[in-house]
S.K.: 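Dropping a structure here in structure tokens format, bear with me for questions.
Numbers restart at 1 for each chain; the letters A, B, ... are given by sequence-line order, proteins then strands.
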Amino acid sequence: MLQLPAQVYTQIIGHCLSGLPDEACGLLGGDPESGVAVKCYPTHNEAASAKLYTVPGKEFLHADRDAEAHGMAIMGVFHSHTHTDAYPSPTDVAQAPDPGWHYVLVSLRDVLPMLRSYRIVGGRIDEEPVVVDGEPEPEGSVPGGGQ
Amino acid sequence: MPVEVRLPTVLRPHAGGQSTVSANGGTIGEVLNDLVASYPAMAGQVLTEEGTLHRFVNVYVDDDDVRYLEQLDTKVPDGATVSILPAVAGG
């Protein structure tokens, strides 16, 4: 399970929307084992592409240091799919760097962003529940939206 | 001189769960080979069979990416920190 504070959730969605028309990406700081995310580290997309993303190595380095300084670890990565489902692509699976990480996908195909999270171990993809501030993630909506 | 090597989460199980270990060497190549000698399970994940840096790994001396310096011949000054991180990319 992935637990996201509402602030982190909205940061992820906001960063993905601001990256359009390209894919956007970033890292999550927290506890990989419990799945509790504490901090969002939005990064540039070095690939500057609507189909690919690359987290700049130096931004990863700085996020990693910050996470460690605050008693956390980098526990996952998020990126957007601009025109497809929130499901890992073959490239995502082939290049998944860490079986302990949480892989968050945000689909921007429809009007409302759709966030999903997965574990990717040895090429196998397993979706996991996402809880935002103790509440299950609403279907295709941003918390507080549609009020 | 021993240098501090920061490990990514994916490599920590190969070093008893430690996030930072000590390794010896005056260049990145020497430091990584010493690291692999101490923790053989890291062998295929840091260096290739040919002894080059694995393409999905980035290595830094303090803030500098060794790929933009002298790769495995990059010097590691006394007191420097070596960081190993996986490349993060997808589609």
Side-chain angles (χ1 to χ4, degrees), chain A residues 23 25-33 41 43 45-47 49-65 67-68 71-84 87-105 118 120-121, chain B residues 3-22 28 31-32 35 39 41-48 52-72 74 76-77 79-91:
Chain A
E23 289 193 5
C25 55
L27 299 160
L28 295 174
D31 178 8
E33 287 190 24
Y41 296 97
T43 70
N45 176 5
E46 202 167 66
S49 161
K51 293 183 177 176
L52 298 170
Y53 81 92
T54 301
V55 172
K58 201 165 276 191
E59 292 185 41
F60 183 6
L61 179 68
H62 293 162
D64 189 61
R65 281 186 192 154
E68 188 171 288
M72 303 180 288
I74 296 301
M75 59 176 286
V77 59
F78 68 89
H79 77 281
S80 59
H81 282 174
T82 58
H83 293 92
T84 55
Y87 191 79
S89 67
T91 313
D92 294 332
V93 176
Q95 298 189 30
D98 191 328
W101 275 16
H102 301 256
Y103 294 86
V104 173
L105 273 292
Y118 303 87
I120 302 175
V121 181
Chain B
V3 296
E4 180 181 277
V5 182
R6 297 177 69 244
L7 301 173
T9 49
V10 71
L11 292 183
R12 291 176 193 175
H14 303 317
Q18 299 177 90
S19 60
T20 303
V21 296
S22 183
I28 282 295
V31 168
L32 295 182
L35 181 72
Y39 307 103
M42 292 186 195
Q45 300 189 55
V46 178
L47 297 169
T48 65
T52 59
L53 194 58
H54 199 293
R55 62 184 285 239
F56 291 127
V57 166
N58 295 321
V59 177
Y60 298 85
V61 175
D62 291 329
D63 227 27
D64 298 318
D65 187 337
V66 303
R67 279 206 173 80
Y68 299 106
L69 297 173
E70 295 174 69
Q71 306 248 5
L72 294 178
T74 302
V76 183
T81 298
V82 173
S83 300
I84 303 171
L85 289 173
V88 183

S.K.: I need the residue from A:Gly57, A:Pro56, A:Ala96 with the largest number of non-hydrogen atom pairs under 4.5 Å to chain B.
M.R.: A:Gly57

S.K.: If I measure from the heavy atoms of chain A, does B:Arg67 come under 4.5 Å with its side chain, its backbone, both, or neither?
M.R.: neither

S.K.: Output the residues of residues 3-10 of chain B for which the shortest heavy-atom distance to chain A is under 4.5 Å, in residue-number order; output 'none' if no such residue exists.
M.R.: B:Arg6, B:Thr9, B:Val10

S.K.: For each of A:Met75, A:His79, A:Glu68, tally heavy-atom pairs with chain B at distances under 4.5 Å, and name the one with the top tally.
M.R.: A:Glu68

S.K.: So do the side chains of B:Val88 and A:Gln95 get within less than 4.5 Å of each other, counting heavy atoms only?
M.R.: no

S.K.: Could you report the tightest heavy-atom contact between A:Pro97 and B:Ala87, atom names first, then the distance?
M.R.: CB-O, 3.8 Å

S.K.: Please state whether the side chain, the backbone, both or neither of A:Lys58 comes within less than 4.5 Å of a heavy atom of chain B.
M.R.: both

S.K.: For A:His62, does the NE2 atom have more than 12 heavy-atom neighbours from other residues, nucleotides or ligands under 6.0 Å away?
M.R.: yes

S.K.: Could you tell me whether B:Asp63 and A:Arg65 have a side-chain N and a carboxylate O separated by less than 4.0 Å?
M.R.: yes

S.K.: Below 4.5 Å, heavy atoms only, C-beta onward: do B:Tyr60 and A:Asp64 meet side chain to side chain?
M.R.: no

